[in-house]
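So the structure is just underneath, and the comments pick up after that.
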Amino acid sequence: MVAPSFAIRGPRTLLRQIREAMAGDAPAQTKLNMVVRIIAGSMVAEVCSIYLRRAGGDLELFATEGLSPDAVHVTRLKPGEGLVGEIVRQGRPLNLSDAPSHPAFAYRPETGEDPYHSFLGVPLLRGGRPIGVLVVQNRTERSYGEEEVEDLQIIAMVLAEMVGAGDLLNEEALKDVEIAPHRPERLKGARFADGLAYGTAVLHEQPVAPEQLLSDDAQAEEIRLRAAIEALQRQIDEMLEGQHGLVGASYEVLETYRLFAHDRGWNRSLEEAVRSGLTAEAAVERVRSEHRARLGQARDPYLRERLHDLEDLNDRLLRHLAGDGHTARELPDDAILIARNLGPADLLEYDRKRLKGLLLEEGSSASHAAIVAKALDIPCVGRLSGLRDRVSEGDPVIVDAETGEAFLRPRPDVVKALQTRLEVRAQRRAEFARLRDTPAFTKDGAKVTLLMNAGLAVDLDILGETGAEGIGLFRTEFQFMVAEEMPRLDAQRALYERVLDVADGQPVTFRTLDLGGDKLLPYMELEREENPALGWRAVRMGLDRPALLRLQLRALIWAAKGRPLRVMFPLVASVDEFRAARAFVDSEIAWAQRRGRPAPSRLDVGAMIEAPSLVWHLDALLPMTDFVSIGTNDLMQYLFAADRGNPRVADRYDPLSPPALRALQQIQQACAETGTPVSVCGEMAGRPLEAFALVALGFDRLSMPPAGVGPVKQMVLSCDREAARRGVLTLLKGTSGSVRNEIETLARKLYVAV
Ligand code: PEP
Ligand code: MG
């Protein structure tokens with residue numbers, strides 16, 4: 001007997017038939033029944049069935065042509081049970097000429113499937129996650145051909161998208177189904193940028209909409225795909241050649257990209273998908289989905305890493321398909337952006353006014369996206385595993401960066417509780433705004449200068465809003481971190497000039513590049529270090545590679561154009577380092593003058609105190625500096641030998657402890673004795689309770705993240721410094737590891753708003 005051959009008309013026509021069947025107003029089950037009938041008929045299969053996954057993981061027969069109709073919604077298989085469960089477990093097709101002889105075969109008498117021998121099942125994949133299985137069966141023992149498998153996979157993709165988008169089944173029918181995009185879910189992640197937000201999900205990597213899955217002209221689509229692949233290959237080759245000696249990602253990663261981009265298998269899968277009637281975008285999604293399903297299960301970290309590379313490559317290919325001319329997306333007024341991770345500048349492409357929050361599947365609090373989110377004051381939660389598979393465009397979502405959680409499609413009571421918290425925050429903000437122009441004097445008349453930390457051009461927009469009296473720490477490396485390639489002299493000068501223009505005479509302290517450690521540049525190749533926080537970073541790099549430091553100093557002097565200039569060096573660990581760094585400033589000033597460029601009207605050169613070594617050499621350091629600024633983030637990590645970026649150890653110590661406060665006091669006293677201006681610019685300066693302790697120790701210049709200025713000013717205005725000093729000095733003698741509670745009790749006793 002001649003084996004039945006399906007795909008006579010190919011999936012293109014079939015997909016159109018399915019689409020037409022879906023268009024009517026028939027009840028969901030009737031539509032689904034029509035779909036299986038169409039597929040069976042078109043593929044000359046005696047059986048066609050759709051199984052969908054229930055919330056508990058069971059696979060339920062939702063529709064069938066050929067098996068007993070009584071089995072629909074009755075037959076259920078546990079995860080991993082039967083051939084259908086096996087397909088879900090493996091995330092790939094199963095093609096058998098004699099199904100009953102397969103070890104995983106589970107006999108279900110109610111289905112009446114006894115007479116069918118050949119079996120082809122493919123997973124319904126959405127975002128790489130199996131949400132069900134599509135099966136065709138025939139009586140004869142036969143093996144389905146490669147093309148038939150491919151065709152069925154394409155049909156499965158379209159079906160999965162239709163189910164996921166709610167086109168195929170209504171909410172009621174999908175209630176308990178795994179993919180159902182309407183069940184409330186709570187995901188636990190990590191807080192990257194503080195705040196709360198409630199809004200509408202916007203997917204950064206938009207899935208191809210079901211109506212854009214099918215192409216009208218396969219040939220034209222193939223030409224588009226080829227052009228995009230070639231552009232992608234060229235781009236990666238160019239990056240590898242490393243124009244200007246710089247590359248856009250590390251060499252190893254690019255090598256892997258090149259391997260994938262030129263991979264015949266990958267290319268062929270994409271072309272086949274397009275030939276069978278998918279758009280180029282849908283083809284990319286289909287192949288991506290399959291890779292995710294296969295590699296996503298891999299435990300091997302190497303393979304999982306490769307999956308990341310492939311994801312990036314797919315994203316790049318989609319960008320090439322979209323062309324360079326793609327315009328910025330229209331956002332809803334309350335957009336919450338959902339992404340796997342965001343690269344340099346991605347976040348800046350969105351309309352800031354409409355962007356209320358950010359949820360990331362990956363990332364770290366030191367990642368580009370987190371830095372920019374903090375600068376823009378957008379709450380951000382990251383490391384939300386499985387996020388993108390669980391949220392659809394338009395879903396209501398909550399970003400709770402206080403607890404580090406995301407609520408997808410939250411229940412009304414959760415929304416209500418959040419709204420109360422949002423109102424409290426808004427009220428506090430309004431109070432801080434009222435204080436904006438009030439100078440920060442303590443109740444007993446001591447002036448405390450409150451400054452802002454910044455690092456990106458976007459920060460400047462809020463300088464006026466915060467009421468800060470200047471910028472106490474401008475982190476120049478941020479410009480480098482969000483750029484695709486090394487910013488040149490002109491770009492550096494332009495940014496610094498803008499900062500000084502916006503500051504309009506208020507002081508700005510520029511910190512020279514603080515790279516290395518947790519701040520890595522994708523285009524600068526650095527050797528992997530065993531212990532990067534103690535490694536070749538900050539001013540050490542600047543002194544060893546003076547070209548970069550010189551260029552930056554040149555840009556700063558040029559940008560000052562005869563105005564005052566304040567420069568400081570990060571992570572100075574010895575007076576010799578400071579002396580050497582300062583000499584570069586002098587020689588650049590001399591260089592500028594030889595060129596006829598004006599020298600700054602006043603020049604202040606300072607050191608950051610971040611390495612504990614300097615605390616015991618202040619007598620030598622202070623006479624050669626114009627000012628110092630204490631970077632408590634680093635100083636504390638080195639004092640307590642606890643990595644500030646490692647959540648396991650970062651919270652093991654408390655800056656409100658006798659050793660930390662005594663070190664700070666020692667610095668403050670040495671500065672007071674020599675008349676050296678000193679500020680504190682680590683995160684602790686922006687937290688009211690910590691700032692209370694600092695003011696009590698005698699510090700009168702605090703530089704902090706913009707959101708800290710209001711709360712800290714409120715603290716200062718309510719604080720009697722002399723009383724605070726007496727109380728805190730007693731606590732310095734404490735014998736426990738933390739005196740946080742005692743300081744808090746003291747503040748409350750003194751009616752200080754902390
Ligand atoms: C610090 O270490 O406290 C500091 C302000 O510098 P950064 O956080 O940029 O290392
Ligand atoms: Mg630091």
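For ligands, and for the atoms within them, numbers begin at 1 and follow the listed sequence. Heads up: numbering here begins at 1 and tracks the sequence.
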Assign the ring pair Tyr653 / Phe640 to parallel, tilted or perpendicular, where the plane angle (0 to 90°) is split at 30° and 60°. parallel
Write out the protein residues near ligand 1, meaning a non-hydrogen atom under 4.0 Å from one of its atoms, in order of chain and number. Leu473, Arg475, Arg511, Asp514, Lys519, Met608, Glu610, Gly631, Thr632, Asn633, Asp634, Arg644, Cys681, Gly682
We want to know whether Ser574 and Asp576 form a side-chain donor-acceptor pair, criterion being a heavy-atom distance below 3.5 angstrom. no
Donor-acceptor pair between Gln637 and Asp634 side chains, under 3.5 angstrom: yes
Sum up the protein N, O or S atoms located under 2.8 Å from the Mg ion (ligand 2).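 Near the Mg ion (ligand 2), the number of protein N, O or S atoms below 2.8 Å is 2.
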Is the shortest side-chain N to carboxylate O distance from [X] to [Y] below 4.0 Å?
X: Arg537; Y: Glu529; result: no
X: Glu744; Y: Arg740; result: no
X: Asp501; Y: Lys561; result: no
X: Glu722; Y: Arg725; result: yes

Test your reading of the model: is there a side-chain donor-acceptor pair from Ser613 to the backbone of Ala573, 3.5 Å cut-off?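 At least one qualifying donor-acceptor pair exists.
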I need the Glu610 CD to Asn633 CG distance, nearest 0.5 Å.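 Reported value, rounded in 0.5 Å steps: 8.0 Å.
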